[in-house]
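The block underneath contains the structure these notes are about, expressed in C-alpha cells.
Letters A, B, ... are given to chains in the order of the sequence lines, protein chains preceding strands, and every chain is numbered from 1.
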Amino acid sequence: MLDIQQLRSDLDHVTRELAKRGFAFPADAFNALEAERKIVQTQTQELQAQRNSASKKIGQAKSKGEDVTAIMAEVAHLGDALKAAEDHLEQIQQQLQKILLEVPNLPHTTVPEGKDEIHNVQIRRWGESRTFDFAIQDHVSVGEGLALLDFETAAKLSGARFSLMKGGLARLHRALAQFMLDTHTQEHGYVETYVPYLVNRDSLRGTGQLPKFEADLFSVHAGSGPTEGQEKLPDYHLIPTAEVPITNMVRDTIVPLEALPLKFVSHTPCFRSEAGSYGRDTRGLIRQHQFDKVELVHIVHPDQSYEALEQLVGHAEKILQKLELPYRVMALCTGDMGFSATKTYDIEVWLPAQNTYREISSCSNCEAFQARRMQARFRGENGKPALLHTLNGSGLAVGRTLVAVLENYQNADGSVTIPAALKPYMNGLDQLGSSGGK
RNA sequence: GGAGAGAUGGCCGAGUGGUCGAAGGCGCUCCCCUGCUAAGGGAGUAUAGGCUCAAAAAGCUUAUCGAGGGUUCGAAUCCCUCUCUCUCCGCCA
C-alpha cells in the first residue's frame, strides 16, 4: 500500500511512476473522494466534539445534583446528524481504502523502464553451459526414462499440474531442500522457521495477495464449509509462497531496533491455482499447482533495504554456484515486476533442453509497501515507531532446481550425475541410474 | 466436541455508566540533591488521523482499553456476535 500522504501531496508524480508499470491510477476518482472526505470528516468531527462537550457538561451537572434537562435538549438533535455523518465518512474511507489496496508499489529509480520481460536487463551471468555430445532430453524424458517421475499417476490422484516422484528422484528433491536450508542457516545467517501452510485473509492482505489476486489462490473451508446458498468467505488459503507466513510474523508488531535485521528461511510447499496461465508450461515440473520452495525473508531498517536486496540475491546465487548450474541475474523492468515490489532481480537458470534460461528465483525489495499494510514497525533512533522494509526471495524454487539438475547433469545413457554438493545428502550416491537410485 | 475463566498503555495491574487516554507500580528520559555503578525528590513518558499553516513550530480536534455491532446525551464499564488465550473433561498424530 502506498502512503496516502504521498498521494495527496504528490499525485502527479505517483501517477506517472505507476504508469511506467502499466497501472492507470484513478486520479480523478481519488481526488473527488479526497475532497469529499475532507468535508465530511471535518463535519463529523465537529459534531463529535459538540456531543463530547455536552456530555461532559451533563456529567458535571449531575454530579453537583443540578437539573440537566436543558443541556439534554441542546444535544438531542445531534444524534441523527452525527450518525449520518459517521456513516457517510465510513463509506468514503472504505472506497479510498479499496482504491489504495489495489494500487501496486512504485518502482525504484534504478529499475529499467519497459512493458514486459523483453525489457529486462541482464546484470551478470555465471557459469558456462555444458556442451553435450549426444541428443539431450528434457527433464520430463529424463525423469520418466528413469521411471522416477510419473505425471500420469499424479493426474489420477489429483489432476493436471501435479507431480509424483519416486525413489532417488524424490530423495534428490528432498536433498536439494535440505542443502539449501543448511547453506542459508549455516553460511548466510538465516533463522530457520517452520510455518503454517494455511493462512488467514489478514496475512494475505498484509503481503499484497489480497484483495486483488484471490483467483490465484486455493481456498479452504473448515469442516463442511458454507451451507447451500450461503456466502461465506474461506476460513483459510493455502500459501502461494512462504513469504506470506514469514513476513506476517511482524504484522502488528514493533520490532526493537537492536533486533534488526531479521532474516528468516523456510522450506514449504507452495500452492498456486495458476489461473490465467492455461497452456503455458503444461509439460513437466515448471508450472505446478503444488511445488516446494525455500524462501528467504529480510525484515530491515529502511536505510538498509537496498543493501539487503543485493545480499539476498547473492545468497540465492550461492546455491546455484555450489550446484555448478549456470545462471544469469536479470533486473526486472517496470512492467514485469510483481505487485508489491519496488525492485526485483530474477535469477534464471540454464535449461539446455529448452536452450534458454528459466526463472528459478525472484528477489524483491518491497520497501514499506507490505509493512504499511501490516503495520509492521520498529522503534527508531528517535524513539518513534516507523515502518520497516521487507524483502523476500526464493533461495531457491526446489522443483525448478530439480529440473535444472536433471537437464544439466544428464548423461548419454539416461542416467543423471549427482552434483558434488548434494552427495552428502544422497548417502554418497554418485548418480541416478537405471537402478532408480534406491 | 463439552464446561468454565479471561483479554486494559513498553510491562505489571486498578477501574462495573459521567471532567478516564485511563489510578498505582515497574521500566525509560530529563532535572535537582547526594564527595564516589547506592538511596532520595521533581517533571515527563501511547498510537493513528483530521483541520488551521507556504512550511516548521504550535494550536484546535477526532478515534483507539482483543475485533465488530448495539443501548445511552455519555461506554474500558451494560447487551449481542466473533477472535484469541488459559484451566478442566473428551478425542487425537
Spacing of the C1' atoms in B:G21 and B:U61 (rounded, Å): 15 Å

Whole-angstrom distance between B:C65 and B:U77, as gauged at atom P: 8 Å

Lys/Arg-Asp/Glu bridge criterion (N-O < 4.0 Å) met for A:Arg272, A:Glu274: no

Candidate pair A:Lys293 and A:Thr241, rule side chain to side chain donor-acceptor pair (under 3.5 Å), full reasoning: CA-CA 8 Å; A:Lys293 185 155 60 68; A:Thr241 160; 2.8 Å; yes

Contact under 4.0 Å: A:Asn52 side-chain N or O vs B:G74 OP1/OP2: no

Spacing of the C1' atoms in B:G6 and B:U62 (rounded, Å): 31 Å

Polar side-chain contact A:Gln93-B:G49 base: donor and acceptor under 3.5 Å: no

Partners passing side-chain hydrogen bond (donor to acceptor under 3.5 Å, both in side chains) against A:Asn365 (at least two apart in sequence or in another chain): A:Ser305

What's touching nucleotides 68-73 of chain B from the protein side, N or O pairs under 3.5 Å?
from: B:C73; atom 1: O2'; to: A:Ser55; atom 2: OG; distance (Å): 3.1

Pairwise C1' distance, B:C84 and B:U72 [rounded to whole Å]: 29 Å

All stems with RNA chain B, defined as three or more consecutive Watson-Crick or G-U pairs under 3.5 Å: B:1-7 with B:83-89, B:10-12 with B:24-26, B:27-32 with B:40-45, B:46-52 with B:58-64, B:66-70 with B:78-82

side-chain hydrogen bond (donor to acceptor under 3.5 Å, both in side chains) contacts touching residues 78-92 of chain A (sequence neighbours left out): A:Glu36-A:His88, A:Gln48-A:Glu86, A:Lys83-A:Asp87, A:Glu90-A:Gln94

Can I get a per-line list of side-chain donor-acceptor pairs under 3.5 Å for residues 100-109 of chain A, giving both atom names and the distance, sequence neighbours left out?
from: A:Asn105; atom 1: ND2; to: A:Ser340; atom 2: O; distance (Å): 2.9
from: A:Asn105; atom 1: ND2; to: A:Cys366; atom 2: O; distance (Å): 3.2
from: A:His108; atom 1: ND1; to: A:Thr110; atom 2: N; distance (Å): 3.2
from: A:His108; atom 1: ND1; to: A:Thr110; atom 2: OG1; distance (Å): 2.7

Contacts of type side-chain hydrogen bond (donor to acceptor under 3.5 Å, both in side chains), residue A:Ser219, not counting sequence neighbours: none

Between B:G15 and B:G9 - P atom distance, rounded Å: 16 Å

Note, A:Arg400 side chain near A:Val349 side chain (heavy atom, < 4.5 Å): no

Rounded distance in Å between the C1' positions of B:A22 and B:A46: 11 Å

Sugar-phosphate, base or nothing in reach of A:Gln41, heavy atoms under 4.0 Å: sugar-phosphate

Phosphate OP1/OP2 of B:U47: any A:Arg377 side-chain N/O under 4.0 Å: no

Rounded P spacing from B:C79 to B:G2 in Å: 22 Å

Chi angles and distances behind the side chain to side chain donor-acceptor pair (under 3.5 Å) call for A:Glu310, A:Tyr345: CA-CA 9 Å; A:Glu310 299 301 323; A:Tyr345 292 113; 2.7 Å; yes

For atom CD of A:Gln48 and atom P of B:C60, their distance in whole Å: 18 Å

Whole-Å gap separating P (B:G10) and CG (A:Asp252): 13 Å

Under-4.0 Å side-chain N/O to phosphate OP1/OP2 contact, A:Lys384 with B:A46: no

A:His298/A:Phe264 aromatic ring centres below 6.0 Å: no

Per A:Ala49 side chain, nearest of listed nucleotides B:U61, B:G49, B:C51: B:U61

Whole-Å P distance, B:G4 and B:C80: 14 Å

A:Lys20 side chain reached by A:Arg16 side chain, heavy atoms, under 4.5 Å: no

Of the listed nucleotides B:U47, B:C51, B:G49, the one nearest the side chain of A:Lys38: B:C51

